[in-house]
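Structure, as C-alpha cells:
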Amino acid sequence: MSPLQVFNTLTAKKEDFVALDGKTVRMYACGPTVYSLSHLGHARMAIVFDVIQRYLRYSGYDVTFVRNITDVDDKIINRAAEIGIRPEQLARENIFTFWRDMRLLNIAPPDFEPRATEYIHPMVQFVQGLIDSGHAYKSGPDVYFEVSSFKDYGKLRKQNLDELMSGAREQVRSQQDLKNLKRSPLDFALWKGAVAGDLGWPSPWGHGRPGWHLECSAMIKNVLGETIDIHGGGEDLVFPHHENEIAQSEALHSKPLARYWLHNSFVQIDAEKMSKSLGNFRTIQDLLQTYSPDTLRLLLLQTHYRSPIEFTNDSLTAAKSGLQRLIRAVHSVSEEEAADLQMKKQAADSELTKAVMQQFQSEFARAMDSDFNTAAAVAVLFGIADKIFQETSASRRLSYIYALDSLSQILGLTLEDTGRLIDTDTAGNVIDLLLEIRNSARVKKDFATSDLIRDRLAGLGVKVMDTAGGGASWERD
RNA sequence: GGCGGCAUAGCCAAGUGGUAAGGCAGAGGUCUGCAAAACCUUUAUCCCCCAGUUCGAAUCUGGGUGCCGCCUCCA
C-alpha cells in the first residue's frame, strides 16, 4: 500500500503504517465532553482527525471512523446543577451546538458517533468481566480498577508504577475521601455509585454511573472490535485517559487495544494551553462570527498536528490573507471562460491535466505520508496557486485549478469564494448608496442616469419610492 | 518533586546528516486614471548558548539557558 508513516505515541517513533486487515482502517478518536461550548482546541482535534480520515480514504483505505460523545460525567452533572437543569438536557443542548460547529467547519460526520449513555449495558458487562478476572474490586458504592493487576500500566505514558506513584503522591492528600475506597491512589473508578434520584442506571453494584475511561473501552469493543488500528485524541488524554483505556481493555482481552496512538498538540494563547478550566478559550461559535471555516482550518493545518499552535490575532489574519490567495487562484477563470463546458471537459481530460495532477498529487502525498504533514501539504497548494497565476491561457489554467481544487478537498478546504457573499445589512447599504448617487443625478437633472438606477433596481426586485423631501425609500417587491 | 516535549527571519511555520519549504508582513519594480489583485526582484552566510562526533550538523551526542505540557477535569 502506501508508504505512510505515522508517529505512534506508544513507541514514541515514526513507524510505517500497516493496517491490521490490510485495506481496512478502524479508527477511534475521543470526542468532547458536552458540558459547554466547543472552542478552537476542540476544533483542532476534530479537524486533525477529519483530515487524517480524509487522507486515509484518499489513499485507498476503507475507513471506519468512530468519534464518541461523552454525555455523562461529573462536569456535566455539576454544571447542570449550577444552572438548575437536568444533566441530560445540558448534554443534549451542547451536542446540538457541537454538531452545528462541526458542520460549519466542514468536518465530515464520523461513521459512528456513540454516546456513553447508549452503552451503559456493555459497560456494566465490561466491569463485570474485569471483576471476574480479578482486575477490579468493589469498594463501598464504587468499583475500581486495580492498576497493580495490569503489568503494562504506564506503557503509553512511559513511566513505571513507582514513578507514577511518586507523581501521584501530591494528589493523595487532595483525595482523602477516596483514599479509604481505593487500594492505591492510581486505581481509577470504573463505576461510581450515585444516590437514588441522581443521574444513574441500575447495576449489580447498585444505582450509579460509569467512570469516564470506561466508555471508550466499551464502545471500541462493541463498535470496532477488540483491537483497532488508530486511536487518537488530544495530547492531554495520553494520561490518564488513554493509559486507563489500555489497562481496562488489555486486561480484559489480553490483546492490544490499538496499534497506533496518535495525539494532537494544543492551541495556546499567550504561551498557555487554551482550555476551559483556564478560561482563555475562544469558542468556535465566536470565531466563526468573524472568520470563515476555511480560515480556521488553514490556520490549524499550517502547523503540524503534533506541534503546539500559538494562537494570535495576527496568525488568524495571516491565515485569512493566505486563504484569499488560494481562493482567488481557484476562481481565476472568469465566468465566460468557464461557461464553455466543452473547454472544461477538455481541460479535465487533457494531457496537461494528467501530468499536473500526477506531479502535485505526488508532492502532496509525500508531505501527507510523512505523519500527515499538512504544513508541507499546504505549501504544495500555494505552489499550484503560483502556477495558476503565472499561466496566461485559461484552458491551461483550468488544469492547475483542477489540481488545486481536488487536493484542497483532501484537507477539507472548500475554497468557496465567501468574499463575494453579501449579508443583508451590506446589501441595504449598497442600495442606499445607489439612491444617493441617483439623488445627485436628479439634482443635476440627469434623469437618464436616475431612471436607469430606478429601473435596474426594479428589475432586481427593489422598488424605489421618491419622498416629498427629495430623498427616496425602497423596499423589496 | 516525577515524566515528556519544544527553541528556525518582524510574525506564523516546514525541514532529523549534505549546505535553510511555505504563508503573513516589509522593500523595489511592472501593470493601472488612482487603487486593489496579479507578475518580477528582494528580505535568516544561518537555525537559543557552549563543547563534542563527522569530510560535512539546524538536523547526532553531552552540558547550559528559556518556554510549555502531563502527573487533577481537559481536545
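So that the names make sense, note that chain A is the first sequence line, chain B the second, and so on, each numbered from 1. None of the values given here were measured: they were computed from a predicted structure.
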Shorter than 3.5 Å, N or O on both sides, protein versus nucleotides 27-33 of chain B: list them out with atom names.
none

Worksheet entry | Listed once per pair and sorted, the side-chain hydrogen bond (donor to acceptor under 3.5 Å, both in side chains) pairs that draw on residues 94-107 of chain A, sequence neighbours left out | A:Trp99-A:Glu113
Worksheet entry | Rounded interatomic separation in angstrom, taking CG from A:Asp162 and C1' from B:rC3 | 14 Å
Worksheet item: Can you check the A:Leu186 CG to B:rU72 C1' distance for me, whole Å?
Response: 13 Å
Worksheet item: Using purine N1 to pyrimidine N3 plus N6-O4 or O6-N4 for Watson-Crick, or N1-O2 and O6-N3 for G-U wobble, both under 3.5 Å, which nucleotide pairs with B:rC48?
Response: B:rG64
Contacts under 3.5 Å, N or O only, protein and nucleotides 37-43 of chain B:
unit_1 : atom_1 : unit_2   : atom_2 : d
B:rA38 : OP1    : A:Arg325 : NH1    : 3.3
B:rC39 : OP1    : A:Arg325 : NH2    : 3.0
B:rC39 : OP2    : A:Arg325 : NH1    : 3.3
B:rC40 : OP1    : A:Gln390 : NE2    : 2.9

Worksheet item: What one-letter contact string describes nucleotides 7-12 of chain B from 5' to 3', where B marks a base within less than 4.0 Å of any protein heavy atom, S marks contact via sugar-phosphate atoms alone, and - marks no contact?
Response: ------
Worksheet item: Within the pair A:Lys273 and B:rC70, is there a side-chain N or O less than 4.0 Å away from OP1 or OP2?
Response: yes
Fill in: Any-strand Watson-Crick or G-U partner of B:rG33, both distances under 3.5 Å
none
Discussion item. Check this one for me: any side-chain N or O of A:Ser265 less than 4.0 Å away from OP1 or OP2 of B:rG5?
Written reply: no
Practice prompt. Send over the distance from A:Phe372 CZ to B:rA13 P, rounded to a whole Å.
Written response: 21 Å
Worksheet item: So how far is it from A:Asp417 CG to A:Asp294 CG, rounded to the nearest 0.5 Å?
Response: 11.0 Å
Give the table of side-chain donor-acceptor pairs shorter than 3.5 Å for residues 380-396 of chain A, with sequence neighbours excluded, one pair per line with atom names and distance.
unit_1   : atom_1 : unit_2   : atom_2 : d
A:Asp386 : OD1    : A:Arg325 : NH2    : 2.6
A:Glu391 : OE1    : A:Arg396 : NE     : 3.4
A:Glu391 : OE2    : A:Ser393 : N      : 3.3
A:Glu391 : OE2    : A:Arg396 : NE     : 3.3
A:Ser393 : OG     : A:Ser395 : N      : 3.4
A:Ser393 : OG     : A:Ser395 : OG     : 3.3
A:Ser393 : OG     : A:Arg396 : N      : 3.0

Practice prompt. Rounded off to whole Å, could you give me the CZ-to-P distance for the A:Phe239 and B:rC70 pair?
Written response: 13 Å
Worksheet item: Restricting to pairs with a member in residues 301-316 of chain A, which pass salt bridge (charged side-chain N to carboxylate O under 4.0 Å, His left out), not counting sequence neighbours?
Response: A:Arg306-A:Asp371
